[in-house]
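The sequence lines fix the lettering, A, B, ..., with proteins before strands; numbering per chain opens at 1.
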Amino acid sequence: AQKVTQAQTEISVVEKEDVTLDCVYETRDTTYYLFWYKQPPSGELVFLIRRNSFDEQNEISGRYSWNFQKSTSSFNFTITASQVVDSAVYFCALGTGFQKLVFGTGTRLLVSP
Amino acid sequence: NAGVTQTPKFRILKIGQSMTLQCTQDMNHNYMYWYRQDPGMGLKLIYYSVGAGITDKGEVPNGYNVSRSTTEDFPLRLELAAPSQTSVYFCASSYTRTGENYGYTFGSGTRLTVV
């Protein structure tokens with residue numbers, strides 16, 4: 001069975017702080033894919049990143065960075081110098097070649113000015 | 001491109017009523033899905049389809065039905081609505097190429113309240 005755990009239910013930071021959202025996954029498949037989605041207060045789900053199990057390189061996109069570690073089954077997401085517009089619920093998800101995604105329960109990030 | 005379009009955006013139903021949530025995509029994706037999102041519970045898969053004429057149950061199918069007569073459309077039917085079906089419903093689609101998983105394109109969601 002596949003499972004995604006986002007242990008942090010809610011995180012509150014002040015603008016310009018760095019924040020890391022944790023994601024731990026479980027799967028027996030050797031080929032799998034990890035995703036992060038953002039759900040802002042408006043409610044839509046926005047794709048942020050996709051990573052396959054064979055690519056452990058960390059990725060940076062502007063203020064966003066992702067740390068994939070197969071040894072600890074983690075795919076953590078860091079926002080550097082957070083901004084109020086980063087306030088949202090963030091979901092980590094796991095998928096295989098069979099396409100269905102399993103989602104974590106989400107982490108609500110509140111960035112105050 | 002419109003992507004994935006869901007209608008309606010909001011709906012209030014009375015207990016026992018029925019309704020259909022519409023979902024259509026214009027990306028020629030072969031896979032389509034229905035999820036429900038409850039507060040603090042993440043997204044739970046209700047039904048999915050791997051192509052026209054093929055559907056299968058997800059994690060929480062009870063109280064729902066689906067059909068997939070065309071590649072574009074994947075409606076979700078609620079029969080005899082119950083308060084437990086109060087939720088936000090998301091339709092999504094995806095495609096595969098050489099077996100890889102590229103993730104989903106989501107619709108904007110339908111907020112359903114059963115009273």
Structural part of [X] lying under 4.5 Å from a heavy atom of chain A:
X: B:E59; value: neither
X: B:Y104; value: both
X: B:L45; value: side chain

Is A:Q39 close to chain B through its backbone or its side chain, or both, or neither, when contacts mean heavy atoms under 4.5 Å?
side chain
Short question: side chain of A:N76, backbone of A:N67 - any donor-acceptor pair under 3.5 Å?
no
With no hydrogens and no angle check, do the side chains of A:Y25 and A:S74 hold a donor and an acceptor under 3.5 Å apart?
no
Compare every heavy atom of B:P75 with every heavy atom of B:T20, then report the nearest pair and how far apart it is.
CG2-CB, 3.7 Å
cation_pi(A:R50, B:Y102) dist<6.0 Å, angle<=45:
yes
